[in-house]
2 protein chains.
Amino acid sequence: MGWTDEHGRRLTDYDRPSVAVDVALLTLDAGGRLAVVVHERTGAHARGLPALPGTFLHVDGAETLRDAALRALRDKVGVTGREPEQLRVFDDPARDPRGRVLSVAHVDLVGHDRIEGTTGVLAPVEDGTLPYPLAYDHDLVVAHALRWARDRYAAAPDPAGLAGGEFTLLELQGVHEAVEGRRLQKDTFRRRVADGLVETGHVRAGTVGKPARTFRRR
Amino acid sequence: MGWTDEHGRRLTDYDRPSVAVDVALLTLDAGGRLAVVVHERTGAHARGLPALPGTFLHVDGAETLRDAALRALRDKVGVTGREPEQLRVFDDPARDPRGRVLSVAHVDLVGHDRIEGTTGVLAPVEDGTLPYPLAYDHDLVVAHALRWARDRYAAAPDPAGLAGGEFTLLELQGVHEAVEGRRLQKDTFRRRVADGLVETGHVRAGTVGKPARTFRRR
DNA sequence: TCAATAGTGTCTCTGAGACATTATCTG
DNA sequence: CAGATAATGTCTCAGAGACACTATTGA
């Protein structure tokens, strides 16, 4: 790399920060409540508060941020096949006691079924706050992720597919209530999402009351 | 820095990327059209296409991304007193031929008066495209910045204050048409912004026709 | 039959969009 | 006065929100 800048120096003559990625992976717990996947750090070299799955960007090998985020999900909580989205960079110089570490926060939403059997731990996100603090500035990351998810769910019916492939309107409404963090009115909700749904022709039978029709996302 | 990770290594044992900030500073040119501030790079060590004002993050001294963005604006185009906002990270491994450089793109909107007399050059952003290509992936940055600006201007009247402190509704409409990139209907526009404005009590006199009342943002 | 859940008709309110009209200035 | 620009009355349409009613099932 023989390039020099306006002062005649090479890139590597300057001090560089470490760059990490952290992923706020949101999901619903068994009770249908919004939660974020964290991992307990119990090793000899990494103890302390639970943290979001994260890792350092591997510069050798030209890894992208997206690939690093996928690697963190796989290695830290055993989740694969996701498509995390960039949220923002957290750059408080004091955010990591080990040195100057920028964190490129990512966010994704995943169905509960993809979490089961993994090493991830669910931390409920009750009205925007966690039951215990997270490591580094990860509480802040979760707060941003939550706003991102709410914006997306306000704009389209279940964009992440948390309700699964086929669902009744009431099931879909439950997912939206969990993510958006507020109760919704069923008739208003139905009309809001109707355009984005296709009827499957099936019904959800075997319950008390009138069986509900099921839908797919368009 | 004695901290070690789960593999017993220090942070600085890993290869780290260079981190740059680039700022898409949007403004209106003399004709009231949307433009982005670029600078020509004519030095011996940096020739080529015009680029957005940018710089490398200074890790020594614990510089934040925001401070680096402000420094880039001051040193590269002579603009001060702004509040750039983070847009996203561009991380294509091939985006900079000098090596692995992540760019944290920022965006800001500034009144034309703050650009006059600076070393910046205005590149018009005609319906989202530039008249000539920019260095690196800066065309992509501008495209994202434009979307950001349009979203903000769709939500509130002139959030960046491009119209100045006191303006007529038609002047405000001209600013919004330039940023949003479409013609607006005056009566619809007036009602849309009315809530966010306060009447000054003055009128814009000395023109032909009925003098217009002037407003301030609330 | 009743209890429970699903689904819809309809009313109000708000805001965008558009057309046409009225108001007030300069020359 | 004419011409130009400012400002607004009013109509339509669409969507959110809410209430109440009807529909269909199991027990």
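Below, chain A is the first sequence line, B the second, and so on; all start at residue 1.
A:P50 pairs with exactly one of A:R41, A:H39, A:E40 by the side-chain contact (heavy atoms from CB on, under 4.5 Å) rule, that one being A:E40. Residue B:E177 is tested with B:R33, B:K186, B:R183 for a salt bridge (Lys or Arg N to Asp or Glu O under 4.0 Å); the sole match is B:R183. The only option from A:D113, A:L109, A:L172, A:L26 that meets the side-chain contact (heavy atoms from CB on, under 4.5 Å) definition with A:L162 turns out to be A:L109. Looking at B:K76, B:R88, B:R95 one by one, the single match for salt bridge (Lys or Arg N to Asp or Glu O under 4.0 Å) with B:D22 turns out to be B:R95.
As a whole-Å value, the separation of B:F215 CZ from D:dA6 C1' is 10 Å. Atom CZ in B:R190 sits about 14 Å away from atom P in D:dT5, given to the nearest Å. Between B:Q173 atom CD and D:dA7 atom P the separation is 12 Å, expressed in whole Å. Atom CZ of A:F189 and atom C1' of C:dT5 are 17 Å apart (whole Å). Distance B:E180 CD to C:dA16 P: 12 Å, rounded to the nearest Å. In this entry the distance linking CG of B:L170 with C1' of D:dA4 reads 12 Å, nearest Å. Distance, B:R204 CZ to D:dA7 C1': 17 Å, rounded to whole Å. Rounded to a whole Å, the NE2 atom of B:H202 is 18 Å from the P atom of D:dA6.
A salt bridge links A:E199 to A:R213: at least one charged side-chain nitrogen sits closer than 4.0 Å to a carboxylate oxygen. Between A:R204 and A:E171, at least one side-chain nitrogen of the basic residue sits less than 4.0 Å from a carboxylate oxygen of the acidic one, meeting the salt-bridge criterion. A:E180 and A:R192 are joined by a salt bridge, as a carboxylate oxygen and a charged side-chain nitrogen come within less than 4.0 angstrom of each other. A salt bridge links A:E83 with A:R66: the closest approach of a Lys/Arg side-chain nitrogen to an acidic carboxylate oxygen falls below 4.0 angstrom.
A close approach under 4.0 Å does occur between a side-chain nitrogen or oxygen of A:R213 and OP1 or OP2 of C:dT8.
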Strictly under 3.5 Å: I want the nitrogen or oxygen pairs between protein and nucleotides 14-18 of chain D, one per line.
residue: D:dA18; atom: OP2; partner: A:Q185; partner atom: OE1; Å: 3.0
residue: D:dA18; atom: N7; partner: A:D187; partner atom: OD2; Å: 3.4
residue: D:dA18; atom: N6; partner: A:R191; partner atom: NH1; Å: 3.1

Nucleic acid footprint by protein, nucleotides 21-27 of chain D - heavy-atom cut-off 4.0 Å, B for base, S for sugar-phosphate alone: --BBBS-

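At a threshold of 4.5 Å between non-hydrogen side-chain atoms, the residues A:I115 and A:L122 count as touching.
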